[in-house]
Q: 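After the structure tokens below, expect a handful of questions from me.
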Amino acid sequence: MTNSIRQTFYRASLNTLTYALLFFLFFPIAVTIFVSFNSSGFLLPPQGFTLEWYERAWSMTQFRRGVFVSLMLGIGSALLANALAFPISLALVRHNFRGKAALNVFVMSPLLVPTTIIGLALYVFLMNIGLGGGFVTLLIGHVMMVIPFAVRILTASLSIFDRSLEEAARNAGASLIRSFFSITLPVLKTGFIASMMICFIISWNDFAISIFLASSKWTPLPIQIYSHIQFQYDAVSAAVVSSVIFLSIFAIVVIDRIAGLQKILSQNAGN
Amino acid sequence: MSVDSLIEGRQASPPHHLRRPGLLVSLMVAPGVLVLVLFMILPLLWVVRVSFYETAQGTTMVPAWVLDQYVRFLADIWYLRNVVWLSVFVSIVSTAITVLLAYPIAMYVARATGLRRQILQTLVLAPLLIGLVSLVFGWIVILRGGGLFNSLIIWLGFVDAPIRLLYAMPAVYILLIYVGIPYVVMTLLDNFERIEPTLLEAAANAGAGGWRIFASIILPLTLPGLNAGVLVLFALNFSAFAIPLMVGSANTNLIGLVVYKQAMQLGNLPFAAAISVIMVAISAAILVIYSRLMQRFFLWRLGV
């Protein structure tokens with residue numbers, strides 16, 4: 001009898017603690033979104049719903065420019081990283097060769113190096129070879145950062161791919177190239193979408209690498225937001241941050257639906 | 001089954017059957033590997049090279065092979081105390097607190113089933129994909145002088161005037177812990193999933209209480225995940241620069257932040273390079289010591 005009471009007590013305290021911690025995780029995000037829609041901004045009590053802060057925010061040139069740069073970077077690095085990662089994943093899943101395990105560790109290596117060091121290394125190196133301070137600088141940094149994720153997701157979706165489909169197409173007389181384009185790629189579509197989205201969202205939200213590589217002409221949105229809130233925080237910045245959060249949440253839900261968050265993000269999958 | 005076990009499964013044949021990569025595989029792998037070598041390995045080696053440069057007139061780089069930068073950092077008691085020791089201390093404390101908080105969350109999430117599990121898991125992992133700047137902004141709103149937290153404690157009568165949390169050490173701790181929790185939960189979830197429910201039932205049927213089950217089954221079985229989480233998180237926290245940069249002050253000079261400031265604000269690249277080499281060395285040394293200690297602990301538990 002006492003045993004079950006004690007168990008109930010443990011369970012209840014575990015529940016309470018977990019909900020307190022979940023609250024701790026989500027409170028800052030909720031507060032930001034709340035402020036962005038509150039017509040009195042930071043001031044309490046709330047005065048009512050408004051979209052004014054969003055209108056003001058998105059009429060500011062620096063934020064619009066930031067969105068443009070971040071979109072270009074996100075799309076560019078997602079495309080490039082997937083183009084580089086797909087053949088590597090194909091080799092990892094379908095071929096056996098010496099040094100395969102080493103290759104797997106090697107392509108995951110950007111995850112193991114602290115961002116401080118990746119940022120510094122690329123900054124010093126790219127300046128040295130005359131590639132500093134432009135869009136390409138940022139693009140290179142972002143591609144390095146997202147390649148491991150692309151390889152991981154594409155490898156996962158290739159692993160569960162049913163090769164008998166391809167063989168059937170080949171037996172029916174399709175060429176290697178034809179079967180690749182009409183069977184392999186369409187079946188892998190969801191894997192590609194998940195991979196593109198995760199690359200995009202990591203690039204879209206990156207601060208650590210970007211702050212080393214950004215220049216005054218090419219400033220991604222997170223750096224733009226950071227330099228804005230360094231000097232003033234107003235409800236306008238809450239609106240920009242909320243917009244960024246909304247896009248991230250959308251991506252998270254889609255990625256989770258397609259591929260499962262835990263599988264993609266798990267740190268120890270690389271080694 | 002995870003991707004890696006699939007890959008490993010294919011490597012089950014003895015190594016001498018494996019051929020060197022053929023032309024096709026080489027062509028498939030070459031572009032990606034080339035890009036990684038060019039923009040990852042070379043820059044890292046270049047940092048090591050630059051760390052041996054001399055600096056003239058403050059920050060101008062002069063190619064050389066000297067230890068000036070290392071000596072300047074390691075011989076300065078101020079750096080050792082206010083940067084190295086501070087970073088070691090802050091990263092150990094924040095990692096420990098993070099793990100203590102993340103463990104019950106992971107246990108709770110792992111216990112949930114179906115849609116509830118799905119929702120809880122997404123909620124906990126979501127902050128990993130919401131950018132750091134967005135998360136920091138929320139905390140600025142909460143922690144600043146006239147912010148929510150200060151208003152609350154003044155209203156409750158704990159203090160008379162706002163206390164300084166933002167742009168000071170408390171904010172650095174809070175954010176390191178806040179950002180770390182999802183990481184640790186993620187590494188732990190895998191381990192919790194692998195525990196056979198029948199094992200717990202058997203223990204309960206044999207009369208073991210909740211605490212006993214936890215101490216002798218759940219904790220030992222999740223220790224590997226906990227260890228992996230601790231290792232990753234410590235390395236991340238030790239080299240952190242973005243969080244102390246955004247919510248810290250002149251008194252929160254973690255070693256990663258010093259690297260950033262030397263490179264980007266003071267323009268002293270050789271010095272920044274040398275500090276980053278030192279940072280990796282210290283971080284690796286601490287991780288090795290930690291692994292050794294854990295190894296000893298396991299051996300001791302096994303009674304060897």
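Hydrogens, waters and symmetry mates play no part in the numbers below; they use all other heavy atoms, side chains included. Everything numeric here is computed off the predicted structure, so don't read it as measured data. All chains are named by letter (A, B, ...) in the order of the sequence lines, taking the proteins before the strands, and each is independently numbered beginning at 1.
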Q: Compare every heavy atom of A:I211 with every heavy atom of B:M264, then report the nearest pair and how far apart it is.
A: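 Shortest heavy-atom contact: CE-O, 4.0 Å.
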Q: Checking heavy atoms, do the side chain of B:L24, its backbone, both or neither come under 4.5 Å from chain A?
A: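 Only the side chain of B:L24 comes within 4.5 Å of chain A.
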Q: Once rounded to the nearest 0.5 Å, what's the spacing between atom CZ of A:F212 and atom CZ of B:F241?
A: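 Answer for the CZ-CZ pair, A:F212 versus B:F241, is 4.5 Å.
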Q: Where does B:I140 contact chain A at under 4.5 Å (heavy atoms): side chain, backbone, both or neither?
A: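 For B:I140, the side chain is the part near chain A, not the backbone.
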Q: Is chain B contacted by the side chain of A:N128, its backbone, both, or neither, given a heavy-atom distance below 4.5 Å?
A: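 When you check distances to chain B, only side chain atoms of A:N128 fall under 4.5 Å.
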Q: To the nearest 0.5 Å, what is the distance between CZ (A:F24) and CD1 (B:I177)?
A: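 A:F24 atom CZ to B:I177 atom CD1 measures 6.5 Å (nearest 0.5 Å).
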Q: Taking B:L257, B:L101, B:V185 one by one, which has the highest count of heavy-atom pairs under 4.5 Å against chain A?
A: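 That would be B:L101.
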Q: Can you check whether A:T116's main-chain N or O pairs, donor with acceptor, with B:Y260's side chain at less than 3.5 Å?
A: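 No, because the side chain of B:Y260 does not come within donor-acceptor range (under 3.5 Å) of the backbone of A:T116.
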Q: Of the backbone (N, CA, C, O) and the side chain (C-beta and beyond), which part of B:L128 lies under 4.5 Å from a heavy atom of chain A, both, or neither?
A: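 Just the side chain, heavy atoms under 4.5 Å.
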Q: Can you say whether A:V31 sits under 4.5 Å from chain B via the side chain, the backbone, both, or neither, judging by heavy atoms?
A: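 A:V31 touches chain B through side-chain heavy atoms alone.
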Q: Sort A:S89 into side chain, backbone, both or neither according to what part of it lies under 4.5 angstrom from a heavy atom of chain B.
A: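 For A:S89, no heavy atom lies under 4.5 Å from chain B.
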Q: Rounded to the nearest 0.5 Å, how far apart are CD1 of B:I275 and CD1 of A:I117?
A: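 Rounded to the nearest 0.5 Å, the CD1-CD1 separation comes to 11.5 Å.
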Q: Is there a donor-acceptor contact under 3.5 Å from the side chain of A:D256 to the main chain of B:T122?
A: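 It does not hold such a pair.
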